[in-house]
Amino acid sequence: MSDSPLSLASALHAPVLQWYAVNARTLPWREPDAGAWAVMVSEFMLQQTPVARVLPAYEVWMRRWPKPGDLAAEPPGEAVRAWDRLGYPRRALRLHAAAKAIVELHGGEVPSDHAALLALPGVGTYTAAAIASFAFGQRHAVVDTNVRRVFARALTGVAQPTISPTAADQRLAVAALPSDPTVAARWAVATMELGALVCTARVPRCTQCPISTQCAWILAGSPPYDGPPRKGQTYEGTDRQVRGRLLAVLRAATGPVPKKSLDACWPEEIQRERALDGLVADGLVEPLPRNRYQLPH
DNA sequence: GAGCCGTGGGG
DNA sequence: TCCCCAAGGCT
């Protein structure tokens with residue numbers, strides 16, 4: 001290509017930002033008065049769970065726990081219960097632990113400092129940058145799967161990003177960031193939205209894309225993906241499925257559950273016991289005397 | 001760093 | 001139908 005990825009990136013700022021101004025979805029955590037806690041809760045829930053499934057649980061959650069201290073005051077099991085069927089329930093546990101840390105270390109307010117965010121349970125590179133950028137308007141590279149895909153196509157010229165995030169992704173995202181913090185924050189959410197709505201994984205809607213005429217992948221003739229095969233994630237018959245069933249029983253129950261009820265979830269004893277032990281080890285389930293179990297207190 | 005961790009919807 | 005995959009983090 002004649003242009004470097006970096007000079008190309010700066011040429012994408014205006015069209016992407018204009019596209020976002022018109023096409024951004026209205027989402028509760030994006031409302032001007034939403035606040036950092038709303039952003040944080042949404043980011044936890046959106047880790048590997050689609051927006052459409054997050055919305056109902058998010059509304060219930062924020063109504064019940066409008067501030068970190070409200071959540072921190074309840075037992076962790078209530079967070080697991082309210083997590084409902086979003087999946088990966090350890091995120092609920094981590095969000096609860098993060099709320100407690102916010103109360104103990106930050107006076108009950110979500111910190112704006114990137115390093116302080118990163119130190120919270122369940123907050124990794126992506127989530128720390130997302131909260132700092134979306135909630136506080138700071139200049140950070142917010143690199144999620146959407147952004148990695150947009151940059152892979154528009155800047156690198158390949159059909160799909162690498163299977164797992166790389167340092168090169170991070171460097172590219174940092175280099176592509178507009179210099180002004182407010183604009184950078186807008187750019188971060190706009191590139192994510194573009195990946196979510198237009199530059200999608202399966203069938204990208206290139207006819208609706210604001211940068212299709214500059215996209216390195218399209219200019220290269222839209223070459224197909226030629227990287228290593230992506231490992232399909234199996235689920236049927238795995239411990240994850242068993243854990244899900246066990247936890248569903250405990251979420252539905254109002255109090256302690258006899259082990260007999262859990263045994264009914266899964267026929268194979270070895271796997272069932274292993275899954276239950278794993279849930280206890282993770283702190284998602286609390287064993288009680290007399291062979292009973294409940295969500296953690 | 002590869003593997004593990006849920007769940008459900010759309011193509 | 002079946003398969004892919006969806007705003008990751010942790011060990």
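Because the structure is predicted, anything quoted here is derived from the model rather than measured. Per chain, numbering begins at 1; letters A, B, ... match sequence-line order.
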Enquirer: Whole angstrom is fine here: how far is it from NZ in A/K231 over to C1' in B/dG1?
Expert: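 Whole-Å distance recorded here is 10 Å.
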Enquirer: If the threshold is 4.0 Å, N to carboxylate O, is there a salt bridge linking A/K67 and A/E109?
Expert: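 So A/K67 does not pair with A/E109 through a salt bridge.
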Enquirer: Can you check the A/E236 CD to B/dT7 P distance for me, whole Å?
Expert: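 In whole Å, B/dT7 P lies 12 Å from A/E236 CD.
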Enquirer: Mind calculating the distance between CG (A/D239) and P (B/dG3) to the nearest angstrom?
Expert: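 Answer to the nearest Å: 16 Å.
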Enquirer: Which whole-number value in Å describes the distance from A/R240 CZ to B/dC4 P?
Expert: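 Spelled out: CZ on A/R240 to P on B/dC4 is 9 Å.
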Enquirer: What interatomic distance, in whole Å, is found between P of C/dA7 and the corresponding atom of B/dG10?
Expert: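 One P to the other, the span is 14 Å.
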Enquirer: Which pair of non-hydrogen atoms, one from A/C265 and one from A/R245, has the smallest distance, and what is that distance?
Expert: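 Looks like O-NH1, 3.0 Å.
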Enquirer: Determine the Euclidean distance between corresponding C1' atoms of C/dT1 and B/dG8; express it in Å to zero decimal places.
Expert: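 My reading of the C1' atoms in B/dG8 and C/dT1 gives 15 Å.
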Enquirer: Tell me, do A/Y88 and A/T49 make a side-chain contact under 4.5 Å, heavy atoms counted?
Expert: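 No, too far: nothing below the 4.5 Å cut-off.
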Enquirer: Are any of the side-chain nitrogens in A/E273 or A/K259 under 4.0 Å away from the carboxylate oxygens of its partner?
Expert: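 So A/E273 pairs with A/K259 through a salt bridge.
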Enquirer: Remember a base hit wins even if backbone is also touched, and classify A/P165 as base, sugar-phosphate or nothing at under 4.0 Å, heavy atoms.
Expert: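 A/P165: no heavy atom of the nucleic acid under 4.0 Å.
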Enquirer: Heavy atoms only, 4.0 Å cut-off, all strands: where does A/F44 land among base, sugar-phosphate and nothing?
Expert: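 A/F44: no heavy atom of the nucleic acid under 4.0 Å.
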Enquirer: Describe the nucleic acid contact of A/L86 in one word from base, sugar-phosphate, nothing, applying a heavy-atom distance below 4.0 Å.
Expert: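 The answer is base, as A/L86 lies within the cut-off (heavy atoms under 4.0 Å) of a base atom.
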Enquirer: Whole Å only: how far is the CZ atom of A/R245 from the C1' atom of B/dG6?
Expert: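 Taking atom C1' of B/dG6 as the reference, CZ of A/R245 is at 13 Å.
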Enquirer: Rounding to a whole Å, what distance do you find between A/L247:CG and B/dG6:C1'?
Expert: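 One finds 10 Å between C1' of B/dG6 and CG of A/L247, rounded.
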Enquirer: Any ion pair linking A/R30 and A/E193 (charged N to carboxylate O, less than 4.0 Å)?
Expert: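 Looking at A/E193 and A/R30, the cut-off is met.
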Enquirer: Sugar-phosphate means primed atoms, P, OP1 and OP2; the rest is base. With that split, encode nucleotides 3-11 of chain C 5' to 3' as B, S or - using protein heavy atoms under 4.0 Å.
Expert: BBBBBBSS-
Enquirer: Using the test side-chain contact (heavy atoms from CB on, under 4.5 Å), find all partners of A/A128 that sit at least two apart in sequence or belong to another chain.
Expert: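 Once residues adjacent in sequence are excluded, the partners of A/A128 under the side-chain contact (heavy atoms from CB on, under 4.5 Å) criterion are A/H114, A/L117, A/L118, A/V123.
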Enquirer: Name the residue closer to the 5' end of DNA chain B, choosing between A/A248 and A/S164 according to the nucleotide with the nearest heavy atom.
Expert: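 Here A/S164 is the residue nearer the 5' end.
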Enquirer: Say we look at B/dC5 and C/dC5: how far apart would their C1' atoms be, to the nearest angstrom?
Expert: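 Pairwise C1' distance, B/dC5 against C/dC5, rounds to 15 Å.
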Enquirer: Are A/V280 and A/V242 connected into the same hydrophobic cluster when the rule is that any two of I, L, V, M, F, W, Y join if their side-chain heavy atoms are below 4.5 Å apart?
Expert: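 Looking at the clustering, A/V280 is in the same group as A/V242.
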